[in-house]
Each structure stands twice: as C-alpha cells, then as structure tokens.
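One structure is given here, and the rest of the page talks about it.
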Amino acid sequence: MRLAWLPELTCSVAAFVYLSSIIGAGPDELKLVFTFLISYPLAGVLKRIPDARPAQKNLFLLGVSVFYLVGLFDLWDGLRTILFSALGTYAIAKFLRGSPYMPWVGFVFLMGHMSVNHIARLAANDPRVVDITGAQMVLIMKLSAFCWNVADGTLPDSDLTDFQKDRRLRELPSLLDYAGYVFFFPSLMVGPAFDFADYRRWLDTTMFEVLATVDPTKKPPTRRKRKIPRSGTPAMLKLVTGLAWTLLFIKLDSYFSPGVLLEPEYKEYSFIRRLLILHMVPLTARTKYYGVWTMTEGACILAGLGYNGVDPVTGKVSWDRLQNINPLGVELAQNTHAYLKNWNMNTNSWLRNYVYLRVTPRGKKPGFRATLATFTTSALWHGFYPGYYLAFVLASLIQTVAKNFRRYFRPFFLDPKTQTPLATKKYYDFFSWLTTQLAMNFTTAPFLILTLSGSLAAWSRLYFYAIIGTVASMVFFASPAKSQLRRILEQRAAKAGADADGLPKRQGLPRSISTDSLTSREPVLGLPQDPQLELDEALTEIRAEMEARRSEQAGRKAASAKKTI
C-alpha cells in the first residue's frame with residue numbers, strides 16, 4: 001500500500017528529471033549527489049545528539065538511511081536486500097559463533113546473495129541507474145569483517161595478531177547497535193566501509209579519549225560537553241573538494257564518456273589523438289569517484305567517525321581514518337603498485353585483512369592459494385561484466401612486468417652506494433609515470449565499457465598496444481637479457497659495496513618503500529603482484545602433493561605385501 005507522502009516524493013523525482021535535462025547527468029546520479037549533500041547537515045544533527053544517548057543515534061541513522069533508500073530511490077527491494085544480508089549475517093554469527101567455519105559460512109552467504117543482484121544488474125544493463133549493488137558491495141566488506149571480528153572474540157590472545165585483538169568482538173552487539181552500524185547513512189550508498197569496533201568506539205565516544213601523554217593544552221577543542229572534537233573545517237574542505245571533482249566530472253563527461261571510444265569517428269583520428277582521448281576517458285571516470293568518495297568521507301568526518309587521533313606534540317587532529325582515495329597518488333603514480341594502492345584504499349584493506357591473511361593457516365606465510373582466493377574474491381565482488389575480467393587479468397600481468405622493470409632498470413638511476421637519485425633519475429621518473437598511465441588507461445577501458453565486444457573493439461582501435469608491450473616485456477625478461485642485467489647490477493653493486501638489488505650491505509640502513517614494494521607479495525585490489533611467481537609456486541605445490549601421494553601409495557603397497565608374506 002502506497003503511503004500518503006508519496007505524491008510529494010513524485011514531485012521531487014520530477015525535479016531531478018528536470019535538472020537532469022539541464023545538466024546532462026542521469027536523475028539517479030543527481031539523487032546520489034543530493035544524498036551526499038544532505039548528509040552534511042544530517043551528520044551535524046547526528047553529532048549533536050547527546051553522547052549519553054547512543055540509542056537515539058542508532059535510530060536516527062536507521063531513519064535517514066530508510067529515507068534515502070525508499071524515499072529518494074524507491075528501492076524497496078534494496079531495503080529488503082540489506083535487511084536480509086544483515087539479519088542473515090547476525091544469525092550466522094550468533095548461532096555458529098563457536099564454529100571455526102562461521103566466518104566462511106557468512107562470507108559465502110553474503111557473496112552468494114550479492115551475486116544474484118550482480119546478475120540482475122547485468123541483465124538490466126543500465127549503469128546510470130542506481131540499484132542496491134553499490135550499497136551491498138560496501139555492506140559485504142562490513143559484514144564479512146563483522147563475522148571475523150566475532151570469531152576472533154572466541155580465541156585466546158596467543159592466536160591473534162595486534163590487528164585482530166584491536167577489532168575482536170567478545171560479545172555480540174545489540175540488534176539496535178548493529179542496525180546503526182549497518183545503516184550508517186553517511187557511507188551507506190558508496191562507502192567508506194569500516195569495522196564494528198570503530199563504530200562502537202564512535203558510539204560510546206571512547207574513540208575520542210586523549211592519551212595522558214598529550215599536553216592538555218594540545219587537546220582538540222570540543223563544544224559544550226561533547227567528546228567529539230570540532231570537525232566542521234576538515235569536513236567542509238572535503239565537501240568543497242568533492243564538489244569540485246564532481247563538477248569537473250559533469251563538465252568532462254559530455255565529451256569523454258566511455259562511449260567515445262566506440263564511436264566511428266574515433267578510429268579515424270591519428271594514433272596520438274586516440275591516446276589523448278583514451279587518457280581523458282578514464283581520467284573523467286576517476287573524477288566521479290574522487291568526488292563521491294571525498295564527499296562521503298567528509299560527511300563521516302563531520303559525524304566524528306573520521307577521527308584518527310591527535311599529534312601529542314603539535315596537537316593537530318588527524319581525520320584520515322576512513323580515507324578511501326588519494327587522487328594525487330593515483331595521477332602521479334610511477335608504477336602500477338602505487339596506482340592501485342592509492343585507489344579504493346578501504347577495499348584494499350578489506351581484501352588484505354579479511355581474505356588474503358584469513359585463508360592462510362596460522363603460522364604459515366601466504367602463498368599461491370591466498371593470492372588466488374583474493375583475486376577471485378575481488379573479481380566476484382565487482383560483478384560479472386566481461387570487461388572487469390579483461391581488466392583484472394591484464395592488470396595482473398602488467399604488474400609483473402612493471403615489477404621487473406623497476407627491479408632491473410631503476411637501480412641504474414640511483415647511486416649504488418648511497419641510493420640517492422642520480423641526475424638522470426628525473427628522466428626515469430617521467431618515463432615510469434608515462435608508461436604507467438598509458439598502460440593503466442588501456443587496462444581500465446574495459447572496466448568502463450563493460451561488454452566483451454565493446455572492450456575488444458576499443459582495444460583493437462589502439463592496436464592492442466598494452467597487450468603487445470606486456471607480452472614483449474615478458475618475453476624479454478624470460479630471455480638471457482634478464483641474467484645479463486642481473487650480472488651488470490651485481491658488478492656495479494660490488495664496486496660500491498652493495499648487494500645485487502642495489503641495497504647497501506651496511507647494517508642498520510633501512511630499505512626504502514620503493515624497494516620493499518619489490519619484495520612484497522601481497523595483492524593490491526586482489527591483483528597478484530607476480531603471477532609468474534604464483535604460478536611457479538602452485539606447480540611446485542602440486543608436484544609436492546603428487547610426490548607425497550605416490551610415496552603414500554608406495555608405502556601402502558609395501559605394507560600390503562608384507563602382510564601377504
């Protein structure tokens with residue numbers, strides 16, 4: 001039965017349709033931006049609910065989120081979807097709490113439920129219409145982490161890392177607190193995601209307790225009796241920045257939407273012009289996410305959840321707890337690792353802490369199986385459009401190539417003894433940035449086009465340059481040239497008293513972040529950093545298992561023969 005206030009909402013929908021005809025953005029996209037904007041005054045109201053009344057905060061969060069889903073987007077099915085996922089997860093955590101399989105049951109339940117909606121979105125094939133899958137993707141990160149946090153609460157301290165101890169839940173929260181966590185409206189539609197431990201500390205205000213080591217004069221200012229520090233200024237800076245990115249997207253999207261790559265005129269342009277357009281299309285798409293994620297982060301900051309401590313010396317408050325994007329880190333990245341690490345940072349954290357490290361048995365180092373599980377999870381989490389998988393596979397191969405180039409060419413531009421940049425380093429930096437951007441622009445095109453035929457058509461108009469370059473580079477590093485480069489670096493390093501990787505042998509001199517990225521095996525956004533290494537390890541594991549089975553069978557035959565005798 002329709003409610004009495006729906007005619008007024010119909011009028012508001014018409015207003016979005018009218019604005020859409022003027023601005024050019026879709027009505028649902030404008031509604032989404034509207035939710036981000038009104039989240040700021042609503043977050044201000046949320047912040048002013050007395051700290052001693054957490055139940056009122058939970059109810060306010062729940063009410064606003066229901067208004068967003070039903071009142072603005074008419075997503076009754078979406079509301080049911082969120083309730084089904086949330087209540088199902090809570091029941092799994094409650095009734096299977098003592099089982100070691102509980103987090104995996106919860107994970108499969110959540111991923112399976114979202115896969116159904118991803119398939120429905122694929123069938124609808126209208127990316128400009130807001131459905132529930134975006135909010136559900138955020139919810140999966142929160143609820144799968146919740147299951148692990150509950151499971152960690154049943155284990156002794158000796159079995160937990162510091163990260164697990166910090167986020168474990170020794171008791172299930174009340175349904176009202178859990179509902180507030182699920183329906184936290186500033187991040188409901190697009191994130192950022194966060195753990196329940198952070199939400200509980202925000203709710204009971206223990207998050208804002210200042211250490212005794214901090215000078216009382218350096219404590220962050222608050223209003224009246226509230227413990228949440230003043231957050232208006234950093235929140236407004238995020239809002240202004242997010243709006244600037246959003247306006248830039250609206251302006252550029254009319255010229256550089258993904259469909260431009262498939263227009264007949266595009267293939268008639270010169271190759272250089274096609275490359276420039278290719279650069280602008282993903283850049284335009286990124287500005288949308290820069291705007292969206294920056295604005296939602298700002299609303300979380302205004303509510304207080306973005307608080308991340310205070311510097312005991314300067315008294316400066318950090319508000320980056322929920323930072324999800326670093327635009328400069330992406331646009332100025334000189335390698336794919338840095339590019340991906342600065343993109344969708346909360347998803348990176350979720351994949352690392354609740355997939356990659358969780359599939360690894362306690363006491364062992366993550367290997368091929370952990371990487372494969374993370375890659376598969378990331379791919380399924382995004383959805384089932386073929387373009388996603390083309391981008392994922394190519395990006396993982398490019399990461400391997402980029403890692404080899406960085407390992408075997410970058411040391412030539414550093415002093416082998418002090419590791420300080422040589423005068424020629426600026427040329428290497430520019431070339432690294434240019435190739436990274438060219439490679440990632442080509443790779444992300446299918447992520448925007450989505451369809452298989454469209455993605456291959458766009459790639460063909462660019463002569464498959466990134467694929468050819470990647471394959472050629474892989475052949476190069478599989479040839480004797482790699483050994484020759486290694487030998488030259490060893491000779492160069494030996495003269496300066498350094499090791500083969502250009503790392504000084506002197507004790508106590510720390511490795512650089514750039515060098516550490518070469519040895520790290522943790523996948524970024526689910527993408528393996530060295531697929532060849534992972535494949536070699538997988539083959540080694542398979543051979544070892546086969547040998548173990550043969551030995552076991554031989555032992556059984558020998559034992560059977562003895563019994564026969």
Side-chain angles (χ1 to χ4, degrees), residues 2-17 19-20 25-47 49 56-87 114 117 121 127-143 176 178-194 199 202 235 238-239 242-243 246 288-289 291-306 322 324:
R2 292 288 178 179
L3 302 178
W5 40 262
L6 282 184
E8 286 76 9
L9 288 178
T10 303
C11 295
S12 67
V13 171
F16 286 112
V17 173
L19 285 174
S20 174
D28 275 8
E29 292 173 321
L30 293 177
K31 290 180 193 177
L32 197 59
V33 173
F34 178 70
T35 64
F36 303 150
L37 293 177
I38 64 172
S39 286
Y40 279 79
L42 291 173
V45 174
L46 174 65
K47 186 178 179 180
I49 296 176
Q56 291 185 9
K57 292 186 178 183
N58 287 323
L59 291 171
F60 184 75
L61 288 164
L62 183 58
V64 172
S65 291
V66 171
F67 167 71
Y68 284 178
L69 292 170
V70 176
L72 283 177
F73 293 100
D74 198 28
L75 287 174
W76 291 94
D77 289 341
L79 178 59
R80 285 193 291 269
T81 293
I82 290 179
L83 289 173
F84 183 75
S85 288
L87 293 175
M114 187 183 68
N117 285 326
R121 177 172 175 256
R128 299 194 76 179
V129 174
V130 173
D131 61 8
I132 200 57
T133 53
Q136 196 175 11
M137 290 168 74
V138 177
L139 192 63
I140 278 186
M141 290 192 284
K142 294 169 70 172
L143 297 186
L176 185 57
Y178 181 73
Y181 170 64
V182 169
F183 287 97
F184 190 80
F185 70 81
S187 65
L188 175 71
M189 301 302 290
V190 298
F194 47 90
Y199 178 76
W202 170 82
K238 290 290 183 180
L239 175 60
L243 282 174
T246 302
K288 175 175 68 175
Y289 291 100
V292 164
W293 284 334
T294 301
M295 282 193 285
T296 55
E297 182 192 352
C300 292
I301 288 173
L302 188 59
L305 193 57
L322 300 181
N324 199 37

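Counting from 1, the numbers follow the sequence of the chain as shown.
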task: Locate the shortest heavy-atom distance separating Ser85 from Gln136; write the atom from each residue and the value.
output: OG-NE2, 3.8 Å
message: What I'd like to find out is whether the side chain of Leu243 reaches to under 4.5 Å of the side chain of Leu239, using heavy atoms alone.
response: yes
- prompt: What distance separates Phe194 CZ from Trp202 CH2, expressed to the nearest 0.5 Å?
  reply: 8.5 Å
message: Is it true that, when you exclude Phe60 itself, more than 12 heavy atoms of the residues, nucleotides or ligands shown sit nearer than 6.0 Å to its CZ?
response: yes
field: Side chain to side chain, Thr81 and Thr133, heavy atoms closer than 4.5 Å
entry: no
message: With a 3.5 Å distance limit and no angle check, can you tell me whether Thr296 reaches the backbone of Gly191 through a side-chain donor-acceptor pair?
response: yes
- request: Kindly compute the distance separating CG (Leu87) from CD1 (Ile82), expressed to the nearest 0.5 Å.
  value: 11.5 Å
query: Distance from Ile132 atom CD1 to Asp77 atom CG, nearest 0.5 Å?
result: 9.5 Å
- request: Would you name the heavy atoms of Ile140 and Met114 that are closest together and state the gap between them?
  value: CD1-SD, 3.3 Å
message: Ignoring hydrogens, what is the shortest heavy-atom contact between Gly242 and Thr294? Give both atom names and the distance.
response: N-CG2, 3.8 Å
query: Going through the checks in order, is the side chain to side chain contact (heavy atoms under 4.5 Å, CB included) test met by Phe73 and Leu32?
result: CA-CA 9 Å; Phe73 293 100; Leu32 197 59; 4.0 Å; yes
query: Looking at side-chain heavy atoms only, is the closest gap between Thr35 and Phe67 below 4.5 Å?
result: no
task: Give, for atom CG of Leu176 and atom NZ of Lys57, the distance between the pair rounded to the nearest 0.5 Å.
output: 13.0 Å
message: Using the rule given for side chain to side chain contact (heavy atoms under 4.5 Å, CB included), can you reason through Thr246 versus Phe36, listing the C-alpha separation, both sets of side-chain angles and the distance that settles it, and then say yes or no?
response: CA-CA 11 Å; Thr246 302; Phe36 303 150; over 6 Å; no
- request: Identify the heavy atoms of Leu61 and Gly180 that sit nearest to each other, and give their distance.
  value: CD1-O, 3.7 Å
- prompt: Between Leu69 and Phe185, is any pair of side-chain heavy atoms under 4.5 Å apart?
  reply: no
message: To the nearest 0.5 Å, what is the distance between OH on Tyr40 and CD1 on Ile301?
response: 7.5 Å
query: Does any non-hydrogen side-chain atom of Tyr68 lie less than 4.5 Å from one of Ile38?
result: yes
message: Nearest 0.5 angstrom please: Cys300 SG to Leu322 CG, how far?
response: 5.5 Å
task: For residues Ala299 and Ser39, report the shortest heavy-atom separation together with the two atoms involved.
output: CB-CB, 4.0 Å
task: Please confirm whether the backbone N or O of Leu72 pairs with a side-chain atom of Lys31, one donor and one acceptor, at under 3.5 Å?
output: yes
- request: Could you pull out the closest heavy-atom pair between Ala235 and Gly298, with the gap in Å?
  value: CB-O, 3.4 Å
- prompt: Hey, what's the ring geometry for Tyr181 with Tyr199, parallel, tilted or perpendicular (30° and 60° as the breaks)?
  reply: tilted
query: So, do Leu139 and Val182 sit near enough that their side-chain heavy atoms are less than 4.5 Å apart?
result: yes
